[in-house]
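Before any comments, here is the structure.
Below, chains carry the letters A, B, ... as their sequence lines are ordered, and counting in each starts from 1. This is a predicted model, so every value here is computed, not measured. Because only heavy atoms are used, hydrogens play no part in the values below, and waters and symmetry mates are left out as well, while side chains stay in.
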Number of protein chains: 2
Amino acid sequence: MPQAEKRGLCTDVPARVAPRGAHAWPQRGGGARAFNPLTERLRRIGVDEAALAGLDAGIVEVRSIAVGGQIVREGKATARLHILLEGWACRYTRVARGRQTLAFLLPGDICDLDTLHAALLEYGVAAITPCKVAVLRSDDVRRAAAAHPSVAAALLGFAFEDQAALVRRAASLGRRSARGRLAHLICELHERTIAAGIDAEGSYLLPATQDDMADILGLTNVHVSRTLKALRDEGLIRLDTRCVTILDLAALAHIADFTPAAPSNMPEVR
Amino acid sequence: MPQAEKRGLCTDVPARVAPRGAHAWPQRGGGARAFNPLTERLRRIGVDEAALAGLDAGIVEVRSIAVGGQIVREGKATARLHILLEGWACRYTRVARGRQTLAFLLPGDICDLDTLHAALLEYGVAAITPCKVAVLRSDDVRRAAAAHPSVAAALLGFAFEDQAALVRRAASLGRRSARGRLAHLICELHERTIAAGIDAEGSYLLPATQDDMADILGLTNVHVSRTLKALRDEGLIRLDTRCVTILDLAALAHIADFTPAAPSNMPEVR
DNA sequence: CGGAACGTTGACTAGGATCAACTCAGGTGG
DNA sequence: CCACCTGAGTTGATCCTAGTCAACGTTCCG
């Protein structure tokens, strides 16, 4: 049925290609200056204002990165810490068979926490959409952590969140079917876009290409396409121009074997 | 060909079942007292003797755990840190489809580093062979870390090693074939048994059941059996009574796409 | 207008899963 | 000492999930 697509009114807006050019993606924070979602996040966790101001002042540079551009290079041990301000990115490793994405990064996420302590980075970070990244000197960040226990605690908390996410990723890759993995990813991102405040009434923009999804799911782009179509056809999700709408969260969560995150918005550090 | 196995002289000792009872597995450290391989490891990294003595003195209990027994329970946030003194264990998470093992633990490994900082454990730890585990109060360990920077650095280093291992695990699960994963596991363990000083001239004891291997590889026990047989038949490994001998490391590393660990025996902390 | 990037669809293949039977050692209990 | 059971591994047959190859539709963009 090449391009017929006459299945009637529901759920099947063709979901054709959308631009990943420089205009379409969400630009939070009203006016002019670069809004820092990480600051918000830290404030909510209870990091004191002095520390926040210090961190903000420590921003050496705000880089703009085009789609597909490298934010952090694999292996390299720079003395810089990168914070994602706008756009989506992915953390990945290379294997002979291709690329395995470890995590999608959303605004407010720290790209390369490990640089604070490890000499080698096991992964790289690349831009999925055009991104804005705040660059800090890792020395400064370490100093801030030393000076403000609340900062140290927050960073440690982030590190453990990352690790927990990686555990869940491994579980998905090892023990879930393509269907399950995809459903799980959709649930995950649903939750995270809400947490990051970039959702919109039960829908969210998922700028990742089907290739990108294949990379994180351990699948092929072709199979992602098919599986996605199946979920659409069953009326579980809607998908137009990269905007995901979850139509039946319960069913989706069920086939995903998804457990919502514990309410540990405030990471239990120490 | 049920139980014929007449393929001649090479590589095909039937590899039948071996006991996992309480007698067969390596008991390091000659005589009577419980030898602590972690202490050795820390000493090599350059942790000072005072700190080592303190940690050793902090051992509240040495527990013996039978095959299949729980060393650390999932989810539970105990105020105890567990160090594997003898035997093999595995760190795992549960998923609807079964268990996904995240790592095999060898003597000298810390079972549940996260308990030092996180309230929730994403994983459990179970004994693959009979194990001896040193139990410490996490408060004491935190105090030791605070008092001795070298201890803090070492712990942080271990945390990053764990994380790096997890990254490689995810890559394997997502992007390697069964053959590749198995070959990779064999190379990995080759390296780690050497590092832990429990190898024997190019061979090592791999006490894990084929079920255990299936759990870490994201496969079925049946498929592990077949894949293992293929590797044996091709003369890449020998396998008798759970003793692995690598016959052609280069070939194995090639099909595994294996990169030997960086010589960061001394983790580059700070 | 032509090309590139993204997505869809079909036909075919292959890599693992599943189900099931059977072998072999070690224990256990009579 | 033997009968029996259990846990581990092997092997075969069959099915199905996902990969591969390829063509084609769109949309965007230069």
I'd like a list of close polar pairs between nucleotides 11-14 of chain C and the protein, N/O only, cut-off under 3.5 Å.
from: dA11(C); atom 1: N6; to: Arg226(A); atom 2: NH2; distance (Å): 3.0

Sugar-phosphate only, base, or nothing, as touched by Ser177(B) at under 4.0 Å among non-hydrogen atoms: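 Touches sugar-phosphate only.
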Touch class at under 4.0 angstrom, heavy-atom based, for Gly218(A) against every strand present: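 Touches sugar-phosphate only.
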Can you confirm whether [X] sits close enough to [Y] that some side-chain heavy atom of one is under 4.5 Å from a side-chain heavy atom of the other?
{"X": "Leu236(A)", "Y": "Leu247(A)", "answer": "no"}
{"X": "Ile237(A)", "Y": "Arg232(A)", "answer": "yes"}
{"X": "Thr209(A)", "Y": "Arg242(A)", "answer": "yes"}
{"X": "Trp88(B)", "Y": "Leu205(B)", "answer": "no"}
{"X": "Leu85(A)", "Y": "Pro107(A)", "answer": "no"}
{"X": "Glu188(B)", "Y": "Arg169(B)", "answer": "yes"}

Partner of Met213(A) by side chain to side chain contact (heavy atoms under 4.5 Å, CB included), out of Ile186(A), Leu206(A), Leu219(A), Asn221(A): Leu206(A)
What's the [atom1]-[atom2] distance between [X] and [N], to the nearest Å?
{"X": "Leu173(B)", "N": "dG16(C)", "atom1": "CG", "atom2": "P", "result": "12 Å"}
{"X": "Asp215(A)", "N": "dC6(C)", "atom1": "CG", "atom2": "C1'", "result": "14 Å"}
{"X": "His223(B)", "N": "dG15(C)", "atom1": "NE2", "atom2": "P", "result": "9 Å"}
{"X": "Asp240(B)", "N": "dA8(D)", "atom1": "CG", "atom2": "C1'", "result": "16 Å"}
{"X": "Arg242(A)", "N": "dT26(D)", "atom1": "CZ", "atom2": "C1'", "result": "13 Å"}
{"X": "Leu182(A)", "N": "dT17(D)", "atom1": "CG", "atom2": "P", "result": "16 Å"}
{"X": "Leu219(A)", "N": "dG15(C)", "atom1": "CG", "atom2": "P", "result": "17 Å"}
{"X": "Arg175(A)", "N": "dA17(C)", "atom1": "CZ", "atom2": "C1'", "result": "11 Å"}

Kindly say if [X] contacts the phosphate of [N], meaning a side-chain N or O under 4.0 Å from OP1 or OP2.
{"X": "Gln210(A)", "N": "dT8(C)", "value": "yes"}
{"X": "Arg232(B)", "N": "dT10(D)", "value": "yes"}
{"X": "Thr220(B)", "N": "dA17(C)", "value": "yes"}

SB check Glu74(A) Arg99(A) (cutoff 4.0 Å):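 No.
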Residue whose nearest DNA chain C nucleotide is more 5′ - Leu228(A) or Arg176(B): Leu228(A)
Upstream residue (5' side of DNA chain C) when Arg181(B) and Ser225(A) are each assigned their closest nucleotide: Ser225(A)
Salt bridge (charged side-chain N to carboxylate O under 4.0 Å, His left out) against Arg181(A), all qualifying residues, sequence neighbours excluded: none
End axis versus end axis in the helix from dC1(C)-dG30(D) to dG30(C)-dC1(D), the angle rounded to 10°, five pairs used at each terminus: 30°
Parallel, tilted or perpendicular, as decided by the 30° and 60° cut-offs, for the rings of Phe258(B) and His184(B): perpendicular
